[in-house]
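Worksheet: one structure, shown below.
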Number of protein chains: 2
Amino acid sequence: MTAHTRVRLSPDERRAQLLDLGVTLLATRSLDEISIDVLAEEAGISRGLLYHYFGNKHAFHEAVVRRAADDLIAQTAPPTEGDPLERLQASMEAYVDYVVTNYAGYRSLVKAAAGGHEGLRAIYDEVQGVLVERIFAEDEGTLTVPDTPAVRLVLRGWSTMVEELVLVWCEDASGVTREELHRMVTDSMPALVAITLGAGA
Amino acid sequence: MTAHTRVRLSPDERRAQLLDLGVTLLATRSLDEISIDVLAEEAGISRGLLYHYFGNKHAFHEAVVRRAADDLIAQTAPPTEGDPLERLQASMEAYVDYVVTNYAGYRSLVKAAAGGHEGLRAIYDEVQGVLVERIFAEDEGTLTVPDTPAVRLVLRGWSTMVEELVLVWCEDASGVTREELHRMVTDSMPALVAITLGAGA
DNA sequence: TGCGACTATTGAACATTCGTCAATAGACTG
DNA sequence: CAGTCTATTGACGAATGTTCAATAGTCGCA
């Protein structure tokens, strides 16, 4: 169908093109549905070229997920001004907004991380770690979140819960307003920390 | 290596053997590492026989996960006696015990459900639904858990959080005792419901 | 303008795994 | 022991991941 005049790009350009395409496709198909054939066809290149740039399918998938994860972290960065509680709320709001607007892609990302091998899981854990770390960074005595093993554990659980809540809400809000969701998500954090500290006493 | 004298079993026996083997292998490898070849070799049968019984790889995987899910539901059934709160606690304790003793297999199950196609996800949702439904069933006014969309949403989130907490704790308890974990898991439920009801007012 | 070097890119060949189907062989009946 | 039923096999084809020697754009230079 399409003309096959060979197009030659610089390595950086080609790499960027393939990565962008990968992230784009992630919003339509799941990660393991992005076969080498599909991607090569979509990009208008041969399969061999993809191997030249990324080595193998798994490494390519990792690169795509890494890029998507970086986008998420950048776009949900909390503001540098305001008191800790406000910054937390702003950060959570940014997170909800991100998931709502990038729903399909984010769903694929989570799915890929949960179902994939070590490397993908590591990237996901890294994202979750950054999100949780912000809690401690933003807390300057106001929220009084001590850094104990139990607190770290419960914050990880909270993080996973937030993700699930937002994703399920996106699929089917069914009578729950965005404000309710938002309060649910933010208020639960200090509550869970309080429970954890109470249990540890 | 092994002798190849063809062994003929009744369909029920063969089916049970293959399903049992699938669940057993699930504790060692992830679901998509259980290829038809691996399973056929391990079971001492030909690939064709597996297709005869289950149609295709995906259907077989679904059958294995379904079986593992049924095991989980059966083994974490709450006691029929005692007051609601006690039954909830007993049920949660049974859940933690189950995950601790069947850690590898449970991890594979969750991974498979999260990363897999519609059918696998449906089975997982079914399990989560049963667990949440127990909350309502066990609540006879004592816990005062009203059945609203927001509460159902938060309970789903709570369920996911519990799963994450237990799994992470299994990997690395790191200073968190089993009692702390247990209290964290049970106390969080009413707390989250209270927050949700407060937010909904 | 033409030659040569560099390297981005290709396409054919191979390996592995999923899936199909006609042929085979174990068990039971009379 | 012959015949029937059906559990089981093994060879074949299709799809997908992976490798690598050959091809062809592009740039520098006489």
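Numbered from 1 within each chain, the chains take letters A, B, ... in sequence-line order. Fair warning: this is a prediction, and the values are worked out from it, not measured in the lab.
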Which of these nucleotides, [options], is closest to any side-chain atom of [X]?
X     : options                : result
A:R47 : C:dT9, D:dT18, D:dA7   : D:dT18
A:R6  : C:dT10, C:dT17, D:dA7  : C:dT10
B:R8  : C:dT9, D:dA7, D:dT18   : D:dA7
A:I36 : D:dG17, D:dT23, C:dG11 : D:dG17
A:L9  : C:dC18, C:dT9, C:dG26  : C:dT9

Using atom [atom1] of [X] as one end and atom [atom2] of [N] as the other, report the distance to the nearest whole Å.
X     : N      : atom1 : atom2 : result
B:L39 : C:dC18 : CG    : P     : 11 Å
B:E41 : D:dT9  : CD    : P     : 13 Å
B:E13 : C:dA27 : CD    : P     : 12 Å
B:I45 : C:dA25 : CD1   : P     : 18 Å

What I want to find out is whether [X] reaches [Y] closely enough, with some N-O distance under 4.0 Å, to be called a salt bridge.
X      : Y      : answer
A:R66  : A:D70  : no
B:D125 : B:R156 : yes
B:R178 : B:D97  : yes
A:E81  : A:R87  : no

Just to confirm, is there a sub-4.0 Å distance from OP1 or OP2 of [N] to any side-chain nitrogen or oxygen of [X]?
X     : N      : result
B:Y53 : D:dA7  : no
A:Y51 : D:dT18 : yes
A:R14 : C:dT9  : yes

Using a heavy-atom cut-off of under 4.0 Å over every strand shown, decide if B:S46 touches base, sugar-phosphate, or nothing.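 Base contact - B:S46 has a heavy atom under 4.0 Å of at least one base atom.
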Specify the residue among A:L49 and A:D32 whose closest nucleotide of DNA chain D lies further upstream toward the 5′ end.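 By nearest-heavy-atom nucleotide position, the 5'-most residue is A:D32.
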